[in-house]
Asker: 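Structure in structure tokens, see below.
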Number of protein chains: 2
Amino acid sequence: MSDAPLWTALADPHRRAIVALLLERPRSVGEIVEACGLSQPGTSKHLKVLREAGLVRVRQDAQRRLYALDPGPIAELDAWLAPYRKLWNTSLDALGDRLDETAPDTPEEPAPKD
Amino acid sequence: MSDAPLWTALADPHRRAIVALLLERPRSVGEIVEACGLSQPGTSKHLKVLREAGLVRVRQDAQRRLYALDPGPIAELDAWLAPYRKLWNTSLDALGDRLDETAPDTPEEPAPKD
DNA sequence: ATCCAATATGCCTCACCGGTTATATAGCGG
DNA sequence: CCGCTATATAACCGGTGAGGCATATTGGAT
């Protein structure tokens, strides 16, 4: 049954970093290793967790493995968020912080901070 | 420093259950204890984590402590989600799963499943 | 002042997680 | 077939987090 691997997977900062990396484009393990400064086995382990959470998919290219983001589970997160959204729509609407909704022109890749 | 307490706080199923409870209405510790079947000290501990993550606020009423949800951090989560949202807008839009956006009439409290 | 009800804290234990090093496995080029 | 590269798995370890019980604290009632 394994609880809810989604949250557990995203609870780790390194894993979130990997997810952010894969948001730009699919990457090989080597790239990820270099990008997030972890050891190769450690990175593989994190990738396994992300894989088992369904957050990433692998495509084998020669002896490389290309990891790519799978939007499904993140959509689940969004669905989880939905009931709470009205909270800050009703109580903080005066703040006018509606910065989401795929902003009109997206100047740069906002590079998720965390 | 403390990394990102938000994710850590929400990584625990019991804590998510508490958050879901507080979405309905503010509750006393006793109610929460009874609702999620944990021991009272355990519950208090979880509440402390949620408090330190900024997810809940306390209001003292007699010797009770009324815990209420603070929407701020959840909005942060939503902000984090934002860059990913276009993923399933562009790749899965045909699926037509736009069930969010504070659905027109919200028949019942959807009671977040997890 | 005392007792009770409600909540928080302190210890302790146990399991799990993240990290490392060493080793196995798979695919390619010679 | 052999060696090389890329990735995964195994074995191990230190830290941390969740859970329980007992105890301290706080506020109200009598």
Asker: Separation of A:Arg65 atom CZ from C:dC28 atom C1', in whole Å?
Answerer: 14 Å
Asker: Are A:Trp80 and B:Trp7 linked, directly or through intermediate hydrophobic residues, by side-chain heavy-atom contacts shorter than 4.5 Å (ILVMFWY only)?
Answerer: yes
Asker: Please tell me which of the listed nucleotides, C:dG27, C:dA8, C:dA5, lies nearest to the side chain of B:Gln63?
Answerer: C:dA5
Asker: Under the salt bridge (charged side-chain N to carboxylate O under 4.0 Å, His left out) criterion, do B:Arg25 and B:Glu31 qualify, and how do the steps go?
Answerer: CA-CA 11 Å; B:Arg25 58 155 187 258; B:Glu31 289 180 89; 3.4 Å; yes
Asker: Starting from C1' on C:dT9, measure out to CD on B:Glu52 and report it in whole angstrom.
Answerer: 12 Å
Asker: Can you tell me how far C1' of C:dC16 sits from CG of A:Asp12, to the nearest Å?
Answerer: 13 Å
Asker: Could you state the CD-C1' distance from B:Glu34 to C:dA6, rounded to the nearest angstrom?
Answerer: 14 Å
Asker: Which of these nucleotides, C:dT9, C:dG18, C:dG27, is closest to any side-chain atom of B:Ser44?
Answerer: C:dT9
Asker: If you assign A:Ser39 and B:Val29 each to the DNA chain C nucleotide with the nearest heavy atom, which residue ends up on the more 5' nucleotide?
Answerer: B:Val29
Asker: Rounded to whole angstroms, how far apart are NZ on B:Lys45 and C1' on C:dA8?
Answerer: 12 Å
Asker: Hydrogens and angles aside, do B:Tyr67 and B:Arg59 bring a side-chain donor and acceptor to less than 3.5 Å of each other?
Answerer: no
Asker: Run the salt-bridge test on A:Arg85 and A:Asp78 with the 4.0 Å N-O cut-off and return the result as yes or no.
Answerer: yes
Asker: Nearest-Å distance, CD (A:Gln40) to C1' (C:dG19)?
Answerer: 13 Å
Asker: Quick one: which of C:dT20, C:dG27, C:dT9 gets closest to the side chain of B:Pro41?
Answerer: C:dT9
Asker: Is any side-chain heavy atom of A:Asp12 closer than 4.5 Å to a side-chain heavy atom of A:Val49?
Answerer: no
Asker: Quick check: closest heavy atoms across B:Pro73 and B:Leu55, and the distance to 0.1 Å?
Answerer: CB-CD2, 3.8 Å
Asker: Membership question, hydrophobic clusters at under 4.5 Å side-chain separation (ILVMFWY): are B:Val19 and B:Leu81 in the same one?
Answerer: yes
Asker: Which nucleotide span of DNA chain D, 5' end to 3' end, has atoms closer than 4.0 Å to non-hydrogen atoms of chain B?
Answerer: D:dA18 to D:dG28
Asker: Can you check the A:Leu38 CG to C:dG18 P distance for me, whole Å?
Answerer: 11 Å
Asker: Can you measure B:Leu66 atom CG to C:dT7 atom C1' for me and round it to whole angstrom units?
Answerer: 13 Å
Asker: Which heavy-atom pair separates A:Val33 from A:Leu38 by the least distance, and what is that distance?
Answerer: CG1-O, 3.4 Å
Asker: What are the two closest non-hydrogen atoms of A:Ser44 and A:Arg51, and how far apart are they?
Answerer: O-NH2, 4.4 Å
Asker: Roughly how bent is the helix from C:dA1-D:dT30 to C:dG30-D:dC1 end to end, in steps of 10 degrees, with each end axis from five pairs?
Answerer: 10°
